[in-house]
There are 2 protein chains.
Amino acid sequence: MPWDLKSDRPIYIQLIEEIQLRIFSGEYPPGSKLPSVRDIAQEASVNPNTMQRALSKLEEDGLVITHRTSGRTITEDVEMIKRAKNKLAVQQIIAFIEKMQQMGFEKKETLALINKMLEEMEI
Amino acid sequence: MPWDLKSDRPIYIQLIEEIQLRIFSGEYPPGSKLPSVRDIAQEASVNPNTMQRALSKLEEDGLVITHRTSGRTITEDVEMIKRAKNKLAVQQIIAFIEKMQQMGFEKKETLALINKMLEEMEI
DNA sequence: ACTATTGTATTAAGGCCTTAATACAATAGT
DNA sequence: ACTATTGTATTAAGGCCTTAATACAATAGT
């Protein structure tokens, strides 16, 4: 999985989001070990300090647990991961719908459009 | 309409997006006059330089036309506005679906979820 | 003809982000 | 017991963004 960081937003925020996605999708399973700050920073081509910043935030949120000298692991609290995942999903959907509404698309139009595109994307 | 700027992304980019939305939704109709840089900057509570930067970009994209001493107007090219609007809508949808997929939601699940939320939001 | 208004340009300062270079404490693993 | 590895902290530099203060050219409106 590439990291695909963009320059229009702070990198550390994008790192937080990317790691969250990996946790939610199961790419980083509950209880599994994360690479060390230095390693994962190199993977993402960012400075260790920047990665450290992202990881600290994830720990604050409870998704990641830090073991002082043996690295970090993903939380084993599956329910908690599920809750966070659903919360983010709802936020995504609301933000998406609101943006479409701001652009002038009614809810029905939005739904029709997304249906059409999903069909096209299947091909 | 409030401007609602956040601090996690450059303001000038958020200004560009907000003005685009207003054009697409018809709040700023084709051919209509925009407030002066100074005025609209004050509306949005940003520095005139920052607003100027956003407006320059919008002009570059062709959505806004600058009249050296009489201010700026929205383009009268309705087709062009429509094209830009649809392009943005498609981008939004794709980005949304991809993010949901990255989180582990299948397309069908995403569709079901959004359907459910739209129903709830009607109430 | 005058004047206010328009967009535009410049310079300086401060803030946050990012990188880079180092260093240190704690301990897992041998 | 030693050593490599871990997270953590600090300092300095540079970059982009934003604000602030000014100034100027062009012209619409009177």
Side-chain angles (χ1 to χ4, degrees), chain A residues 2-20 22-23 28-76, chain B residues 2-20 22-23 28-76:
Chain A
W3 283 80
D4 193 27
L5 301 171
K6 302 184 178 172
S7 63
D8 69 331
R9 301 164 61 213
I11 293 178
Y12 83 98
I13 291 180
Q14 296 182 63
L15 294 174
I16 293 172
E17 292 173 351
E18 177 65 28
I19 295 171
Q20 275 182 337
R22 293 180 182 202
I23 295 174
Y28 291 159
S32 65
K33 195 169 179 313
L34 274 176
S36 75
V37 187
R38 292 167 177 81
D39 288 352
I40 198 173
Q42 193 169 26
E43 270 182 38
S45 304
V46 300
N47 189 279
N49 293 330
T50 308
M51 184 57 77
Q52 164 77 9
R53 189 166 175 183
L55 292 172
S56 298
K57 183 59 168 55
L58 286 166
E59 197 197 356
E60 206 178 281
D61 296 341
L63 284 175
V64 158
I65 294 167
T66 302
H67 312 282
R68 189 64 178 74
T69 56
S70 57
R72 286 184 169 91
T73 55
I74 307 300
T75 179
E76 291 182 340
Chain B
W3 283 81
D4 193 27
L5 303 170
K6 301 182 180 175
S7 63
D8 69 331
R9 302 164 60 214
I11 293 179
Y12 83 97
I13 291 180
Q14 297 182 62
L15 293 174
I16 292 171
E17 292 172 351
E18 177 65 28
I19 295 170
Q20 275 182 336
R22 292 179 182 204
I23 295 173
Y28 290 159
S32 66
K33 196 167 179 312
L34 274 176
S36 75
V37 187
R38 293 168 177 80
D39 287 351
I40 198 173
Q42 193 169 25
E43 270 182 37
S45 304
V46 299
N47 190 279
N49 293 330
T50 308
M51 184 56 78
Q52 164 77 10
R53 189 167 175 184
L55 292 172
S56 299
K57 183 59 169 55
L58 286 167
E59 196 197 357
E60 206 178 280
D61 296 340
L63 284 175
V64 157
I65 294 168
T66 302
H67 311 282
R68 189 65 177 76
T69 56
S70 58
R72 287 183 169 91
T73 55
I74 307 300
T75 178
E76 291 182 342

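Please read all numbers here as calculations on a predicted model, not as lab measurements. In the text below, chain A, chain B and the rest are named by the order of the sequence lines, each starting its count at 1.
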Undergrad: Atom NZ in A:Lys57, atom CG in A:Leu15: separation rounded to 0.5 Å?
TA: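 Separation between the atoms: 13.0 Å.
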Undergrad: Does B:Thr66 have a side-chain nitrogen or oxygen under 4.0 Å from the phosphate oxygens OP1 or OP2 of C:dG7?
TA: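 No, outside the criterion.
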Undergrad: Could you name each residue pair satisfying salt bridge (Lys or Arg N to Asp or Glu O under 4.0 Å) that touches residues 40-54 of chain A, not counting sequence neighbours?
TA: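 Sorted pair list comes back empty.
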Undergrad: Could you write out DNA chain D as dot-bracket? Rules: Watson-Crick or G-U wobble, both distances under 3.5 Å, brackets [ ] for crossings, | for pairs with another strand, dot for unpaired.
TA: ||||||||||||||||||||||||||||||
Undergrad: Nearest to the side chain of B:Asn49, which nucleotide is it out of C:dT8, D:dA20, C:dA20?
TA: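 The closest nucleotide is D:dA20.
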Undergrad: State which residues pass salt bridge (Lys or Arg N to Asp or Glu O under 4.0 Å) with B:Asp39; sequence neighbours excluded, sorted by chain then number.
TA: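 Result, salt bridge (Lys or Arg N to Asp or Glu O under 4.0 Å) vs B:Asp39: none returned.
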Undergrad: Measure from CD on A:Gln52 to C1' on C:dA20 and round the result to the nearest Å.
TA: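 Distance check: A:Gln52 CD to C:dA20 C1' gives 16 Å.
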Undergrad: Can you measure from CG (B:Leu58) to OG1 (B:Thr75) and round to the nearest 0.5 angstrom?
TA: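 Output value for this atom pair is 12.0 Å.
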Undergrad: Looking at residues at least two apart in the chain, or sitting in another chain, which of them share a side-chain contact (heavy atoms from CB on, under 4.5 Å) with B:Arg72?
TA: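 For B:Arg72, the residues satisfying side-chain contact (heavy atoms from CB on, under 4.5 Å) (neighbours in sequence not counted) are B:Leu34, B:Val37, B:Gln52, B:Leu55, B:Ser56, B:Val64, B:Thr66.
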Undergrad: Tell me every residue that passes side-chain hydrogen bond (donor to acceptor under 3.5 Å, both in side chains) with A:Gln14, counting only those two or more places apart in sequence or in another chain.
TA: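 In terms of side-chain hydrogen bond (donor to acceptor under 3.5 Å, both in side chains), with neighbours along the sequence ignored, A:Gln14 is linked to no residue.
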Undergrad: Taking side-chain hydrogen bond (donor to acceptor under 3.5 Å, both in side chains) as the definition, give me every residue that meets it alongside A:Tyr28, ordered by chain and number, with sequence neighbours left out.
TA: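 A:Tyr28 satisfies side-chain hydrogen bond (donor to acceptor under 3.5 Å, both in side chains) with A:Arg22 once adjacent residues are dropped.
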Undergrad: What is the distance, rounded to the nearest whole Å, between atom CG of A:Asn47 and atom C1' of D:dT10?
TA: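 My rounded result for the distance is 13 Å.
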Undergrad: May I have the distance from A:Gln42 (atom CD) to D:dT5 (atom P), rounded to whole angstrom?
TA: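 Nearest whole value for this atom pair: 13 Å.
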Undergrad: Could you go over nucleotides 15-17 of chain C and give all protein N or O partners under 3.5 Å, atom names and distances?
TA:
unit_1: C:dC17; atom_1: OP1; unit_2: A:Tyr12; atom_2: OH; d: 3.4
unit_1: C:dC17; atom_1: OP2; unit_2: A:Arg53; atom_2: NH2; d: 2.6

Undergrad: Using side-chain contact (heavy atoms from CB on, under 4.5 Å) as the criterion, list what pairs up with B:Asn49, not counting sequence neighbours.
TA: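 If we apply the side-chain contact (heavy atoms from CB on, under 4.5 Å) test to B:Asn49, skipping adjacent residues, the hits are B:Asn47.
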Undergrad: Provide, to the nearest angstrom, the distance between the CE atom belonging to A:Met51 and the P atom belonging to C:dT19.
TA: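 From A:Met51 CE to C:dT19 P: 10 Å.
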Undergrad: Mind checking what makes side-chain contact (heavy atoms from CB on, under 4.5 Å) contact with A:Gln42, not counting sequence neighbours?
TA: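 If we apply the side-chain contact (heavy atoms from CB on, under 4.5 Å) test to A:Gln42, skipping adjacent residues, there are no hits.
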Undergrad: Take atom NE2 of B:His67 and atom P of C:dG7, then tell me their distance rounded to the nearest Å.
TA: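 Computing the B:His67:NE2 to C:dG7:P distance gives 10 Å.
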Undergrad: List the residues meeting side-chain contact (heavy atoms from CB on, under 4.5 Å) with B:Pro29, not counting sequence neighbours, and say none if there are none.
TA: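 Once residues adjacent in sequence are excluded, the partners of B:Pro29 under the side-chain contact (heavy atoms from CB on, under 4.5 Å) criterion are B:Ser32.
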Undergrad: Among residues at least two apart in sequence or on other chains, which ones pass salt bridge (Lys or Arg N to Asp or Glu O under 4.0 Å) with A:Arg9?
TA: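 If we apply the salt bridge (Lys or Arg N to Asp or Glu O under 4.0 Å) test to A:Arg9, skipping adjacent residues, the hits are A:Glu17.
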Undergrad: Across nucleotides 23-30 of chain D, 5' to 3', mark each nucleotide with B, S or - according to how protein heavy atoms within less than 4.0 Å reach it.
TA: B-BBSS--
